[in-house]
Amino acid sequence: MDQKYILLRGREVKNIHKLKTYEENGGYAALKKALSMKPAEVIEEVKASNLRGRGGAGFPTGLKWSFIPQNEPVKYVAVNCDESETGTFKDREIMETNPHQLIEGALICAYAIQAKAVYIYLRGEFWDLAHEVDKAIADAVKAGYAGDNILGSGYSCPVYTHLGAGAYICGEESALLNSLEGKLGQPRVRPPFPANKGGGLYGEPTVINNVETLANVPWIINNGAAAYKSMGTEQSPGTKVFCVSGHVVRPGNYEFTFGLTMRELLFEHAGGIPDGKKIKGILPSGGSGPIMKATDEMLDVKLTYEDMAKAGTILGSASIVVMDETVDMTWVASRVTKFFKHESCGKCTPCREGTYWLDKVIDRIMAGGAQMSDIDLINNIAKNMQGVTLCALGDFAANPIIHTIKNFPEDFRQHIASGSSKPARGAAS
Amino acid sequence: MSIKDKKYAKRIEATFSKYPDKRSAVMPLLYIAQEEYGWVSPEGIQEVAELCEIDPTQVKSIAGFYTMYSEQPKGKYWLQVCTDLACALNKADDFYEELKQELGVDDGGTTEDGLFTVEHVMCLAACDKAPMLQCNFHFHEKLNKEKMRELLAQWRADAAKEA
Ligand SMILES: Cc1cc2nc3c(=O)[nH]c(=O)nc-3n(C[C@H](O)[C@H](O)[C@H](O)COP(=O)(O)O)c2cc1C
Ligand code: SF4
Ligand code: FES
């Protein structure tokens, strides 16, 4: 539960975004070390650290790398910097303040799977950031850390940026690959999976990792898996960047070893709720995770993958949106639903139609023209979207509403009983 | 006017050199077309298609899929205000209303002088700094009415200087 800067080192070391400063602070030593190891040894070390993917699913990173077939001649690494989940703004800070650490981590991954190239996929709105990253890549190439014959090892790997253009769905890994290939950014049918022939970028085996995931890798190689595992918990080792937004005094990114409680994060560190108000609800993983009532039990849950799952929600990308007592949760459900309706790529019917109808019914409830039976209708639509779609967005879209109805039934009933909408927005406005 | 003009040659060449496949350049080239024409015009689509060696209808459907490619002419300054949940909890809706009033336009509208187009958008990864907007994809954060007026004045002055 300690404050420790592995990922947000830019807060401690000024100018670490510059190559010279990064080098002075141990930068690229891990890449050098990795190049002196066998690729399989690098994978073993990352596996032993039990580093888990920070893109939302928490999948073990070393295991993912080990799925890549060794004998295929062409392989790729794709870095996921699409960061479009409501309430998420951690990858942006990592990339803005510490880009070389991501580049170094991605190159270690590339060496471990013997990739031909690294593509960093940034959401289009990170336009300025992408240009800064391009400069950092150019500096790394000049210094011999990327490109041809890296540090004289004989291993070559260029690093490229690729800008998206405003589509949340391109954060989904197979849609990201399609987008990189110049196709519509829609998810692919799986199998084949990205790690296998036919499933990855240009049909070649590909590792896709989140920015925060890869930014951990240099530390693991430098300090060893055992040291990494000594931080956090058995199932959630290391540190995590928690994005805190909404009704808190000090919104922002917070990096801690896994295991501090929601209460500690929100009240000790983020300063609690403004204007002496009480906390009402929490979205622990942006729009896509189950919305929770801020009960004492919930506030005492430890922020780890396993504890959050036990509490009936997810840690996900740890984009924690806080709502105070003035907030109408029906309005929250409506906002989140509009998000998913807008972002559904339209490829499968239950998601395309489901998000449309959910939005329509919630609008009716918000406008005061609904009936009690609409609650059942919503539940029905949402349940018909779960588990039957090509990608997880269909489930994401169903989640918030089902959980809002479950955890805040009185907010729905109020709208319906009063037959009118109350202009309940966010903060006491 | 063409993205095949000399001034883009180097950028286009660098773009193609990134990928094993010409088609992958379609998104970067659409940005160049948007820069050249102010929007992804039919000419721009045609040129991107020729350069990437794919069908113009495919280029058009890609341009239509992504929100950052503009399918009609926009104002010189394209203002995108995040009104997604985290920002909305911190008065982004009020801020957006004020901006529209200040400019006398509706959502998606362009001012008569052609300077500003306003639009509300989903989360832009700046949720801790609400209200915020992007102007031609540059971030402006922790805004309020006064700061908004200052920014508008600045952009108007910049435009006047250029004219
Ligand atoms: C609709 C949808 C959107 C997603 N958006 C992102 C995103 O913006 N960034 C991200 O890293 N992962 C996102 N993911 C998860 C990715 O598909 C993938 O699991 C992740 O990039 C893997 O990296 P990791 O193992 O390092 O977590 C999204 C998934 C879905 C279904
Ligand atoms: S679930 Fe939705 S977003 Fe995912 S592929 Fe189907 S339509 Fe597209
Ligand atoms: S909700 Fe507005 S930037 Fe994230």
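First the proteins, then the strands, lettered A, B, ... as listed; each starts at 1.
- Between B:Lys18 and A:Tyr160 the shortest heavy-atom distance is O-CE1, 3.3 Å.
- Shortest non-hydrogen contact noted between B:Pro28 and A:His162 is CD-CE1, 4.1 Å.
- When heavy atoms are compared at a cutoff of 4.5 Å, A:Thr86 approaches chain B by way of both its backbone and its side chain.
- Separation of atoms CG (A:Leu163) and CG (B:Leu30) is listed at 12.5 Å; rounding is to 0.5 Å.
- Residue-environment remark: NZ (B:Lys147) exceeds the threshold of 12 foreign heavy atoms within 6.0 Å.
- Ion pairing between B:Asp128 and A:Arg92 fails under the 4.0 Å rule for side-chain N and carboxylate O.
- Options A:Lys183, A:Glu85, A:Met323 differ in how many heavy-atom pairs under 4.5 Å they form with chain B, and the most are formed by A:Lys183.
- Nearest approach of A:Gly182 to B:Ile62, heavy atoms of both residues: O-CD1, 2.9 Å.
- By number of non-hydrogen pairs under 4.5 angstrom with chain A, the leading residue of B:Ala86, B:Ser61, B:Pro20 is B:Pro20.
- There is no contact between B:Thr15 and chain A, counting heavy-atom distances below 4.5 Å.
- Dense packing is recorded around NZ of B:Lys100, with more than 12 heavy atoms of other residues, nucleotides or ligands lying under 6.0 Å away.
- Within the 4.5 angstrom heavy-atom criterion, only side-chain atoms of A:Arg123, from C-beta onward, approach chain B.
- Residue A:Leu201: no heavy atom, backbone or side chain, is found under 4.5 Å from chain B.
- Looking only at side-chain heavy atoms (C-beta outward), A:Glu125 and B:Met68 come within less than 4.5 Å of each other.
- More than 12 heavy atoms of other residues, nucleotides or ligands shown are found within 6.0 angstrom of CD on B:Glu50.
- Looking at heavy atoms from C-beta onward, B:Met122 lies out of side-chain contact with A:Ser84 at the 4.5 angstrom threshold.
- Interface residue A:Val322: only backbone heavy atoms are found under 4.5 Å from chain B.
- B:Phe139 has its side chain out of reach of A:Leu129: every pair of non-hydrogen atoms, C-beta onward, lies at least 4.5 Å apart.
- When atom types are taken as modelled, the side chain of A:Glu83 and the backbone of B:Ala125 share no donor-acceptor pair closer than 3.5 angstrom.
- Side chain of B:Asn90 to backbone of A:His247: no donor-acceptor contact under 3.5 angstrom is found.
- Dense packing is recorded around CG of B:Asp55, with more than 12 heavy atoms of other residues, nucleotides or ligands lying under 6.0 Å away.
- Annotation: side chain of A:Tyr168 is not in contact with side chain of B:Cys123 (no heavy-atom distance under 4.5 Å).
- Judged by distance alone, with hydrogens and angles left aside, the side-chain atoms of A:Arg335 form no donor-acceptor pair with the main-chain N or O of B:Leu85 at under 3.5 Å.
- With respect to chain B, the highest number of heavy-atom pairs below 4.5 Å among A:Gly164, A:Ala165, A:Ser245 belongs to A:Ala165.
- Counting heavy-atom neighbours within 6.0 Å of A:Asp148 CG, excluding the residue itself, gives a total of 12 or less.
- Here the closest heavy-atom approach between residue A:Cys170 and residue B:Tyr66 is recorded as SG-CE2, 3.7 Å.
- In plain terms, the two heavy atoms of A:Gly185 and B:Phe65 that are nearest each other are O-CZ, 3.2 Å.
- Using a 4.5 Å cut-off between heavy atoms, A:Cys243 makes no contact with chain B at all.
- For a residue to count as touching a neighbouring chain, one of its non-hydrogen atoms must lie under 4.5 Å from one of that chain's; by this rule A:Leu283 touches chain B with the side chain only.
- Between A:Tyr119 and B:Tyr19, the ring planes lie parallel to each other; the angle is under 30°, not in the 30° to 60° tilted range.
- Proximity to chain B (any heavy atom under 4.5 Å) is shown, for A:Ser179, by both the backbone and the side chain.
- Note on A:Lys90, A:Lys116, A:Lys338, A:His342: by heavy-atom pairs under 4.5 Å with chain B, the leading option is A:His342.
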